[in-house]
Amino acid sequence: MDEEIKKIVKELFDIDVAPSVSIPEEQFGDVATNVAMQLAKQLGQNPRDIADQIATKLQNAPFVSEVSVAGPGFINIKLTDASLIEQAYSAPKKILEGKKVLVEYSDPNPFKPLHAGHLYTTLVGDVLARLVQNAGAETIRLNFGGDVGMHVGKTMWAVVKTLGGEDAAAVQALPVDTLGEWMGARYVEGNNAYEDDEQAQAEIREVNKHVYQLHNDNDHESTFAQIYWYLRDQSYEFFKKLYTELQVVEFDRFMPESEVANPGLEAVKAHIGDVFTESEGAVIFEGEQYGLHTRVFINKEGLPTYEAKDVGLSLTKWNDYHFDESIIITATEQAQYMEVVIKAIEQFAPEPAHKTRHLTHGVVKLSGGVKMSSRKGNILSAFDILQAARDAGEISGQATQENVMLAAVKYALVKNRLGGDVVYDPKESIATEGNSGPYLQYAHARARSILRKSETRNSKLETNQKLEHGERTLVRKMAEYSSAVELATRELAPHHICTYLYELAQTFNRFYENNKVIGDDREAIRLSLVTLYTDILKKGLTLLGITAPEKM
RNA sequence: GCCCCGGUAGCUCAGCGGAUUAGAGCAAUGGGCUUCUAUCCCACAGGUCGGGGGUUCGAUUCCCUCCCGGGGUACCA
């Protein structure tokens, strides 16, 4: 459509425009454009006159059935049924065909509790990766994680203290299914001690160094190393179990910090003087020159901070994949931090820096305002969210099926625009009424049951088929699928898919209410529409990582 | 202090340069099942789009400023 308008404007006025087109309310037409207003100033003409000229030309376009000019110069276009049908059957454009795209998300830290935020990035990241893959990109899913660093020092310090010494056998004897919580509790102890007790702080710093040393020496033998590797492996097992439970696509690669710490350290050291500077015994990047914060990349102990590790991560990604685009999604609290890191990298490796896109998401809160204290360690965990959804399902009736529970959680977390905080309401998320995952699942199951019951043979709709009003409304909505997916992909904004699918399901449910399928004169035609609808709904849900059940 | 993100109906959120009624859902009120799954649908109600300026033919949308909430601001991640 916009191509056609562009062509006409070029012919009429010899101007290149990117016309903004939108989908108006159905009563006005199928497509609307305000291109006449865009041009009015440039041409020094009345927008209404410009609109009339364009409208006249547009009238002759093959896919247009009616054109009208409204208000100050809006052009409302009604499309032919044939073009709507064709559009409804068309797949989204492969806008990333031939591109190699890295998507980094989830990023849980071994030795630390898995909080609700990890669940959020895991699910949103999974959808983002599905979107870029669906758009034709060679997609590589990466998972970064801190298996070295201060938090590990804190946990390991408390572990040794709790065990009353370096006792590998004692750690291995701990019950495996509660080991995650056990480590979480140790992290909290270590963290509190670090803040309150200078003696402990010094000890923790030593433990931290010890952990780095262990990696450099490739030490798997010492008792300390045995404890470390056991807990690290168990952490990763635990994460993998969660991913399986969540039914997210498998990661292509885990990139623990220990792997990228040294490359990062070396890169930073190699650029002391031209990019980084030494200050108070540390190595910093003076972000202030660029209106950003100044940050420490190597601390005075000579250890890489998270900054240097992120440098190492970026360079490793670049060297190993030579990507066209690298997407990273983390919490908003890292937004300005990441800007500094990328700016620093840009100074000596501009290409990967320019091709990196950092997305951020807000905090997940449980509605009802449960008080959380990170100090006590009663943070909202990933499992709390899942359990809250299950519990809410129990209340409203039969035991919640796992795939409905997942649909509820995934949809609730993805339906909001990225950036703001999410208030998770378990009851609302699991309800089959309202804008929820289960509503869409039910909408799918309901439509599928029509197809099961009909004995008429079902075929693709002919484009020359004349549509009745209710049918046309449904087709018109189905025709929007591709542009919704393209928009979500281009903007890396998965919530657009949710908004669209919900509108689609509502449109269908209205159609279902007013139009009989089985036994109607138009059964064959309507069956084709229902088939197309269930296909689109299922494809959309699949992009969200949500199952489309046959029955509910 | 400076910087980033947010503030749209009672609640949770879409919309982020356009008109004709600023849209949904939940909650509230009133309807619709002998009929393809009523886990659904319909109706009605609910808004100085945080305040104030500005740009524009036109601002919830762009710019400035202030207020409120969250986050960041050198050796945590």
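Worth saying up front: this structure is predicted, and the values here are computed from it rather than measured. Just so it is clear: chains get the letters A, B, ... in the order the sequence lines come, proteins before strands, and each one is counted from 1.
- Ring geometry for A:Tyr228 against A:His215 counts as perpendicular: the plane angle is over 60°, on a 0 to 90° scale with 30° as the lower cut.
- A straight line from CG of A:Leu413 to C1' of B:U12 spans 13 Å, rounded to a whole angstrom.
- Of the P atoms belonging to B:G47 and B:A22, the separation is 12 Å, rounded to the nearest Å.
- Note on A:Glu307: nothing from the nucleic acid sits closer than 4.0 angstrom, heavy atoms only.
- Across all strands shown, A:Asn509 has heavy atoms under 4.0 Å from sugar-phosphate atoms exclusively, and none from any base.
- Nucleic acid contact class of A:Lys551 (heavy atoms, under 4.0 Å, all strands): base.
- The side chain of A:Tyr411 contributes no N or O atom lying less than 4.0 Å from OP1 or OP2 of B:C13.
- No engagement by A:Asp107 is indicated, since no non-hydrogen atom pair under 4.0 Å with the nucleic acid exists.
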Please list, pair by pair, any protein nitrogen or oxygen found under 3.5 Å from a nitrogen or oxygen in nucleotides 69-75 of chain B.
residue: B:G71; atom: N2; partner: A:Gln336; partner atom: OE1; Å: 2.5
residue: B:G72; atom: N2; partner: A:His293; partner atom: NE2; Å: 3.3
residue: B:U73; atom: OP1; partner: A:Arg295; partner atom: NH2; Å: 3.1
residue: B:A74; atom: N1; partner: A:Ser279; partner atom: OG; Å: 3.0
residue: B:C75; atom: O2'; partner: A:Asn299; partner atom: ND2; Å: 3.3
residue: B:C75; atom: O2; partner: A:Lys300; partner atom: N; Å: 2.9
residue: B:C75; atom: N4; partner: A:Glu280; partner atom: O; Å: 3.3

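- Across the protein-nucleic acid pair, A:Lys427 atom NZ and B:U12 atom C1' stand 14 Å apart, rounded to whole Å.
- Atom OH in A:Tyr512 sits about 4 Å away from atom P in B:A38, given to the nearest Å.
- As judged by a 4.0 angstrom heavy-atom cut-off over every strand, A:Glu257 is placed among residues touching the sugar-phosphate backbone only.
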For this session: Would you give a per-nucleotide map of nucleotides 22-31 of chain B, 5' to 3', where B means the base has a protein non-hydrogen atom under 4.0 Å away, S means only the sugar-phosphate does, and - means neither?
Result: --SSSS----
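- Counting any heavy atom pair closer than 4.0 Å across all strands shown, A:Ala445 reaches a base atom.
- For B:C36 and B:U21, the C1' atoms lie 35 Å apart once the distance is rounded to whole Å.
- For the side-chain contact (heavy atoms from CB on, under 4.5 Å) with A:Phe508, the qualifying choice from A:Ile536, A:Leu537, A:Val530, A:Thr473 is A:Val530, the only one to do so.
- Formation of a donor-acceptor pair under 3.5 Å by the A:Ser258 side chain with backbone atoms of A:Asp147 is not found in this model.
- Listed pair A:Asn109 / B:A77 fails the phosphate criterion, with no side-chain N or O lying under 4.0 Å from OP1 or OP2.
- By the 5.5 angstrom centroid cut-off and the 30-degree plane limit, A:Phe28 is classified as stacked against the base of B:U20.
- B:C5 has its base anti relative to the sugar, with a glycosidic angle deviating from 0 by more than 90°.
- When both pairing distances are held under 3.5 Å, B:A43 makes a Watson-Crick or G-U pair with B:U29.
- When the side-chain nitrogen and oxygen atoms of A:Lys309 are compared with OP1 and OP2 of B:A77, one or more of them lie within a distance under 4.0 Å.
- With no hydrogens or angles considered, no side-chain donor-acceptor pair links A:Thr360 and A:Gln334 at under 3.5 Å.
- As a whole-Å value, the separation of A:Asn416 CG from B:U12 P is 11 Å.
- Using a 4.0 Å heavy-atom distance criterion, A:Asp310 is classed as making no nucleic acid contact.
- Nucleotide B:G15 holds its P atom 14 Å from the CD1 atom of A:Ile23, rounded to whole Å.
- Among the atoms of the strands shown, none is found under 4.0 Å from any heavy atom of A:Asn208.
- Between the P atom of B:C57 and the CG atom of A:Asp49 lies a distance of 17 Å, rounded to the nearest Å.
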